[in-house]
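Notes follow the structure.
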Amino acid sequence: MILPTARTWVYPLSVNGRYQRIHRLTGAALQAVLFVTPWINVGGHPAFQIDIAGRRLYAFGSVFTPADSLLLVLIGLAAAFSLFLFTAVFGRLWCGYACPQTVFLEEWIRPVENFLEGDRGKRMARDRGPWNFDKSWRKLVKWAVFLAMSFGVAMTFVSWFSGARILWTGGSGVVAYSMVAFFTALMFWDFAWFREQFCNYLCPYARFQGVLCDDHSLVVAYDEGRGEPRGKAGDANPGACIDCLKCVAVCPQGIDIRDGFQLECVTCARCVDACAAVMAKRGQPSLVTYSTLSGQPRTIRARTVVYASLIGIVSVAFVAVLTSRHEADGYISRSPGSLYTVDADGWVRNTYLLRLTSHENEADQWQVDIEGLPSAAEVSAPQIVLDPAATTTVPVVVRVPPGHLIERSIPLRVRVHSHDDELWMDTSFLSEGT
Ligand code: SF4
Ligand code: SF4
């Protein structure tokens with residue numbers, strides 16, 4: 001059982017402050033990337049598209065095919081090690097500022113909910129009250145808006161795979177629209193009900209935190225030394241905390257940061273802004289701040305050095321593989337069912353199939369030469385025009401005149417070349433020999 005039996009609904013109070021302004025800015029930048037990128041075309045393809053059906057990845061003018069698996073693995077490793085390093089230094093800052101779940105909840109869902117149902121106190125009172133006309137229309141309108149938002153997010157998400165233009169104009173297949181329906185339902189369920197439970201019970205990244213963070217990683221922490229013993233303002237000899245519970249009321253995870261570090265905390269700093277506003281009236285700094293469990297921020301330590309070194313190694317390998325990459329991938333094989341043929345004029349014929357896959361965003365012409373056979377040998381292959389990101393297969397016929405073949409199998413090198421690149425492929429030429 002991974003979910004609690006009885007859920008305590010969280011009603012976060014609205015809050016403003018320095019970190020909420022940073023939230024809005026980072027949220028706006030990330031949403032711009034998410035929503036605009038699928039609409040930008042580079043070389044006839046979306047700037048970034050994971051075309052699963054076509055087995056292609058389009059990335060800012062480059063095309064990656066299954067033959068580039070090594071590059072994709074290196075990109076994945078670099079991303080994973082970067083996340084490890086970021087988490088070791090900055091804790092769950094990703095969760096608080098960049099995770100789509102947080103961004104959508106903070107920038108879309110809570111503003112709509114606040115507008116339609118009021119802030120924390122009003123929402124709590126209305127939810128406790130009976131289902132009357134006022135409560136019903138507000139809930140229905142809110143869910144309708146959430147559903148529209150869910151549809152927009154689902155369409156955008158699927159656009160990264162199908163391409164935005166074709167998806168939004170109805171040109172995608174049934175699988176794409178089924179995925180839109182599935183993600184719309186999933187998002188709506190999350191926006192309308194599941195919310196912080198995703199971070200607490202489902203998110204795999206949150207589960208890694210204990211391994212990736214240590215006492216020097218960034219956390220949001222309460223200054224117990226200054227704050228305790230807490231007491232209402234005016235109490236005799238209280239600590240600085242006036243127990244106003246503002247830091248608790250604003251928390252979207254429903255926790256009290258004064259209880260110490262908790263895995264549920266996504267370091268969103270809403271409690272920091274709330275306490276800063278309270279303490280400012282008393283001429284004091286916030287009791288809740290970004291800090292570390294050790295109290296000593298230390299970026300350079302064993303695990304960060306290891307992660308940074310791994311990123312460096314993977315980056316060097318990536319650049320090495322990328323710079324040795326050709327404009328196309330090629331593969332030559334003997335035509336199925338054929339070893340060799342002796343033509344009517346006595347020439348020996350071998351027939352091959354040449355398969356080329358373009359990595360380019362522009363069409364290119366390729367030609368075929370051979371090496372390793374007597375100079376009298378001739379090769380014939382059609383002019384190959386390889387479209388951007390396309391795969392083509394053409395027959396290649398090699399013929400050798402009679403009297404030039406001593407061995408039954410001669411190593412043959414096939415050179416396939418364009419204006420500014422060439423590929424070499426090895427095969428063999430077969431005959432009866434002499
Ligand atoms: S907001 Fe600050 S003063 Fe108020 S309860 Fe929280 S820590 Fe104490
Ligand atoms: S404790 Fe503070 S930083 Fe952590 S989730 Fe709650 S409001 Fe955000």
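Numbers here are sequence positions counted from 1. Predicted model, so just to flag it, every value in this text is computed and none were measured. Both counts, for ligands and for their atoms, begin at 1 and track the order of listing. Heavy-atom basis, side chains included; hydrogens, waters and symmetry copies ignored.
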Is there an N/O/S atom in C244 at a distance below 2.8 Å from atom 6 (Fe) of ligand 1? no
Which of parallel (below 30°), tilted (30 to 60°) and perpendicular (above 60°) describes F198 and F194? perpendicular
Please give me the protein atoms (N, O or S only) lying under 2.8 Å from atom 8 (Fe) of ligand 2, ordered by chain and number. C268 SG
Distance-only side-chain donor-acceptor flag, T357 / T391, under 3.5 Å: yes
Do NZ/NE/NH1/NH2 and the carboxylate oxygens of R415 and E371 come within less than 4.0 Å? no
Any idea which protein heavy atom is nearest atom 2 (Fe) of ligand 1, and the distance to it? C275 SG, 2.4 Å
Side chains of T289 and S291: any donor to acceptor distance under 3.5 Å? no
Side chain, backbone, both or neither: which part of V248 has a heavy atom under 4.0 Å from ligand 1? neither
Salt-bridge present (R413, E422; N to O < 4.0 Å): no
Whether R325 engages the ring of F64 as a cation-pi pair (distance to the six-membered ring centre under 6.0 angstrom, angle to the ring normal within 45°) should be assessed. yes
Heavy-atom nearest neighbour in the protein, as seen from atom 8 (Fe) of ligand 1, with distance rounded to 0.1 Å: C241 SG, 2.3 Å
If you take the centroid of each ring, where Trp contributes its six-membered ring, are F146 and F188 closer together than 6.0 Å? no
Just by distance, no angles: are the side chains of D364 and H419 close enough, under 3.5 Å, to form a donor-acceptor pair? no
Enumerate the atoms of ligand 1 whose separation from the nearest heavy atom of I242 is less than 4.0 angstrom. 3 (S)
Output the list of atoms in ligand 1 that are nearer than 4.0 Å to some heavy atom of C247, sorted by atom number. 1 (S), 5 (S), 6 (Fe), 7 (S)
Per-residue contact class, R258 against ligand 1 - non-hydrogen pairs under 4.0 Å: side chain
Applying side chain to side chain contact (heavy atoms under 4.5 Å, CB included), can you list everything that pairs with D214, at least two apart in sequence or on another chain? H216, S217, R301, R303
